[in-house]
Amino acid sequence: MKLAIVGATGMVGREILDVIKERKLPVTELFLVASKKSRGKLILFNGVQYKIITLEELLLKNIDLALFSAGSEISKVWAPKLASKGVKVVDNSSFWRMGSNHKLIVPEINGAELSQSDMIISNPNCSTIQLVMVLAPLHKKFGVKRVIVSTYQAVSGTGKKAVEQLKNEEKNIVNETAYFHQIYQNVFPHCDEFTQNGYTKEEMKLTNETKKILDRDIDVVATAVRVPVVRGHSESVNITFEKRIDLDKIIFALKEMDGVTVVDNLVKNEYPTPIKSYKKDQVFVGRIRKDFTQKNTLNLWIVSDNLRKGAATNTVQIAEQLILKNLI
């Protein structure tokens, strides 16, 4: 398989390289792509130095699959150019996610839906992925009716500039910032831009993407919060079901779900935390308890490394699914 990674110098691009190596994706030729200012730079992968090329140069190459992690504007222009040449594209940006002609894939949930006609495939938002990974088995068994989710999102979800801001503020260094506010020793309910309805784009992604992946009839409302953590998103989730719920059956369903790990032992103070999710591919869930104020309602806590399952791992898993189904 001839593979290209577009946005190879970014945080997710670098993580994709790590995941490819760990999961032993069968790559015969590798092309690393970034902006013109990065052209010619070298990246070491599997003991080999790869020279960064531009998108214009990539168009002249014969490749099978391109993994995009370079933002919506790049994906908007270049994904169709590659797709028109017969190249399968897996895109990490938000640009294609809600398009009716493009599938939004979490392999454990709907990977079987991929077909030969799918040329541009979307990777969901990082917060959405960890949410639906927990909701999917519960929806199948009990019927999810309504979800209220508050996120606690790491700065790496914004990118390198935000990580640098956190580190600089901790050292009391004044430099260019990614946020309107200080993030060190601070928390603010502002992830992405505000929309006309008062919700941010990030909050609306959680609503719209969950509906597209699982069920259009599920009501989802979100508050997305930025916290001074480098990586690992957390979510406090309140779920109302159509059917009567049983905690033992809830926990069993979660333990049976591929990619989900239950960490819930209050006697030992064990529950998911971002630092324990670092560089791991699972979605961790704990603090599983009934909401005693609402019928058929559950509270739980979800944590996942946003650069792994929330981005790089899910992307590579889609590639694996394409290989498994002989679609590339």
Side-chain angles (χ1 to χ4, degrees), residues 106 108-109 124-154 187 189 191 199 202-203 205-207 209-211 213-215 217-229 231-278 280-306 308-310:
V106 179
E108 296 92 337
I109 299 171
N125 184 43
C126 47
S127 301
T128 304
I129 289 174
Q130 66 188 72
L131 179 63
V132 296
M133 283 285 289
V134 168
L135 292 181
L138 303 183
H139 183 51
K140 192 177 289 186
K141 198 162 188 67
F142 302 101
V144 174
K145 184 178 179 183
R146 184 175 190 237
V147 179
I148 304 170
V149 53
S150 295
T151 72
Y152 304 79
Q153 295 183 218
V187 166
C191 297
Y199 288 81
E202 184 78 9
E203 290 160 352
K205 286 172 190 175
L206 277 157
T207 296
E209 293 176 19
T210 300
K211 285 173 169 286
I213 294 165
L214 291 183
D215 189 332
D217 292 330
I218 297 174
D219 288 328
V220 182
V221 63
T223 301
V225 180
R226 191 70 65 187
V227 296
V229 169
R231 59 192 282 172
H233 288 352
S234 305
E235 295 174 346
S236 172
V237 191
N238 181 270
I239 312 163
T240 300
F241 298 91
E242 299 280 357
K243 298 176 184 176
R244 185 179 177 183
I245 58 172
D246 176 276
L247 271 186
D248 289 337
K249 290 179 180 177
I250 289 278
I251 292 167
F252 180 79
L254 291 170
K255 285 182 175 179
E256 287 289 292
M257 178 66 179
D258 286 342
V260 172
T261 299
V262 176
V263 182
D264 199 353
N265 187 329
L266 304 187
V267 175
K268 296 183 178 179
N269 295 318
E270 291 177 350
Y271 34 75
T273 60
I275 204 162
K276 290 288 183 69
S277 74
Y278 178 75
K280 294 186 173 74
D281 293 327
Q282 301 100 305
V283 173
F284 299 92
V285 59
R287 294 297 315 279
I288 304 163
R289 64 214 188 272
K290 285 186 178 180
D291 181 339
F292 54 80
T293 70
Q294 296 291 324
K295 187 179 178 182
N296 301 331
T297 302
L298 189 74
N299 286 303
L300 46 76
W301 175 254
I302 306 170
V303 175
S304 187
D305 187 326
N306 54 296
R308 297 290 286 208
K309 182 57 181 170

Quiz item: Are Ser127 and Gln153 close enough that a side-chain donor and a side-chain acceptor fall under 3.5 Å?
Solution: yes
Quiz prompt | Derivation of the salt bridge (Lys or Arg N to Asp or Glu O under 4.0 Å) call for Asp305 and Lys280 | solution = CA-CA 7 Å; Asp305 187 326; Lys280 294 186 173 74; over 6 Å; no
Quiz item: Heavy-atom distance under 4.5 Å between the side chains of Gln130 and Val285, does that happen here?
Solution: no
Self-check item: All side-chain contact (heavy atoms from CB on, under 4.5 Å) counterparts of Ala154, not counting sequence neighbours
Solution: Ser156, Val229, His233, Asn306
Exercise. For atom NZ of Lys141, decide whether the heavy atoms of other residues, nucleotides or ligands shown that lie under 6.0 angstrom number more than 12.
Key: no
Quiz item: With sequence neighbours left out, what residues match Phe142 under ring pair (Phe, Tyr, Trp, His ring centres under 6.0 Å)?
Solution: Phe241
Quiz item: Any side-chain heavy atom of Pro137 sitting closer than 4.5 Å to one from Val260?
Solution: no
Quiz prompt | Counterpart residues, side-chain hydrogen bond (donor to acceptor under 3.5 Å, both in side chains), relative to Gln282 (two or more places apart) | solution = none
Donor-acceptor pairs under 3.5 angstrom involving side-chain atoms of residues 265-275: please list them, not counting sequence neighbours.
from   : atom 1 : to     : atom 2 : distance (Å)
Asn265 : OD1    : Val267 : N      : 3.2
Asn265 : OD1    : Lys268 : N      : 3.2

Exercise. I would like to know whether Lys295 and Thr297 meet side chain to side chain contact (heavy atoms under 4.5 Å, CB included); could you show each step before the answer?
Key: CA-CA 5 Å; Lys295 187 179 178 182; Thr297 302; 5.7 Å; no
Quiz item: From Lys140 NZ over to Asp215 CG, what is the distance, rounded to the nearest 0.5 angstrom?
Solution: 13.0 Å
Quiz prompt | Heavy-atom pair with the smallest gap, counting every atom of Val149 and Glu235 | solution = CG2-CB, 4.0 Å
Quiz item: Around atom NZ of Lys145, are there more than 12 heavy atoms of other residues, nucleotides or ligands at under 6.0 Å?
Solution: no
Quiz item: Among all residues two or more places apart in sequence or in another chain, which pass the side-chain hydrogen bond (donor to acceptor under 3.5 Å, both in side chains) test with Asp291?
Solution: Asn238, Thr293
Quiz prompt | Non-neighbouring partners of Thr261 that pass side-chain hydrogen bond (donor to acceptor under 3.5 Å, both in side chains), sequence neighbours left out | solution = none
Quiz item: By side-chain hydrogen bond (donor to acceptor under 3.5 Å, both in side chains), which residues pair with Ser304, not counting sequence neighbours?
Solution: none
Quiz prompt | side-chain hydrogen bond (donor to acceptor under 3.5 Å, both in side chains) between Gln294 and Thr240, worked out | solution = CA-CA 8 Å; Gln294 296 291 324; Thr240 300; 5.8 Å; no
Self-check item: Between NZ on residue Lys249 and NZ on residue Lys243, distance to nearest 0.5 Å
Solution: 10.0 Å
Quiz item: Looking at side-chain heavy atoms only, is the closest gap between Leu298 and Leu247 below 4.5 Å?
Solution: yes
Quiz prompt | Asn296 versus Glu242, closest heavy-atom pair with distance | solution = ND2-O, 4.0 Å
Quiz item: Which distance, rounded to the nearest 0.5 Å, do you find between the CG of Asp217 and the NE2 of His139?
Solution: 8.0 Å
Quiz item: Where do Glu202 and Cys191 come nearest, in terms of heavy atoms and distance?
Solution: CB-O, 3.3 Å
Quiz item: Taking side chain as C-beta onward, heavy atoms only, is Val134 less than 4.5 Å from Val237?
Solution: no
Quiz item: Among all residues two or more places apart in sequence or in another chain, which pass the side-chain contact (heavy atoms from CB on, under 4.5 Å) test with Lys255?
Solution: Ile251, Val262
Quiz item: salt bridge (Lys or Arg N to Asp or Glu O under 4.0 Å) with Arg308: which residues, sequence neighbours excluded?
Solution: Glu15, Glu22, Asp281
Exercise. Would you name the heavy atoms of Ile218 and Val144 that are closest together and state the gap between them?
Key: CG1-O, 3.4 Å
Exercise. Quick one: list whatever passes ring pair (Phe, Tyr, Trp, His ring centres under 6.0 Å) with Tyr199, sequence neighbours left out.
Key: none
Practice problem: Please lay out, stage by stage, how Arg289 and Leu300 fare under the test side chain to side chain contact (heavy atoms under 4.5 Å, CB included). | Solution: CA-CA 6 Å; Arg289 64 214 188 272; Leu300 46 76; 5.6 Å; no
Quiz prompt | Side chains of Glu108 and Asp258 in contact at under 4.5 Å (non-hydrogen atoms) | solution = yes
Quiz item: Taking the side chain as C-beta and beyond, is there a heavy-atom pair between Thr151 and Ser234 under 4.5 Å?
Solution: no
Quiz item: OH of Tyr152 to OG1 of Thr223: how many Å apart, nearest 0.5 Å?
Solution: 9.0 Å
Quiz item: Can you tell me how far the SG atom of Cys126 sits from the CG atom of Leu206, to the nearest 0.5 Å?
Solution: 8.5 Å
Quiz item: Do Val187 and Val225 have side chains that get closer than 4.5 Å, going by heavy atoms?
Solution: yes
Quiz item: Can you list the residues that meet the salt bridge (Lys or Arg N to Asp or Glu O under 4.0 Å) rule with Glu209, with sequence neighbours excluded?
Solution: Arg97
Quiz item: What residues form a side-chain contact (heavy atoms from CB on, under 4.5 Å) with Thr210, not counting sequence neighbours?
Solution: Thr128, Leu131, Val132, Leu135, Leu214, Val220
Quiz prompt | Least distance between heavy atoms, Ile129 atom then Lys309 atom | solution = CD1-O, 3.5 Å
Quiz prompt | Euclidean distance, Glu203 CD relative to Asn125 CG, rounded to 0.5 Å | solution = 11.5 Å
Practice problem: Compare every heavy atom of Asp264 with every heavy atom of Gly286, then report the nearest pair and how far apart it is. | Solution: C-OD2, 3.9 Å
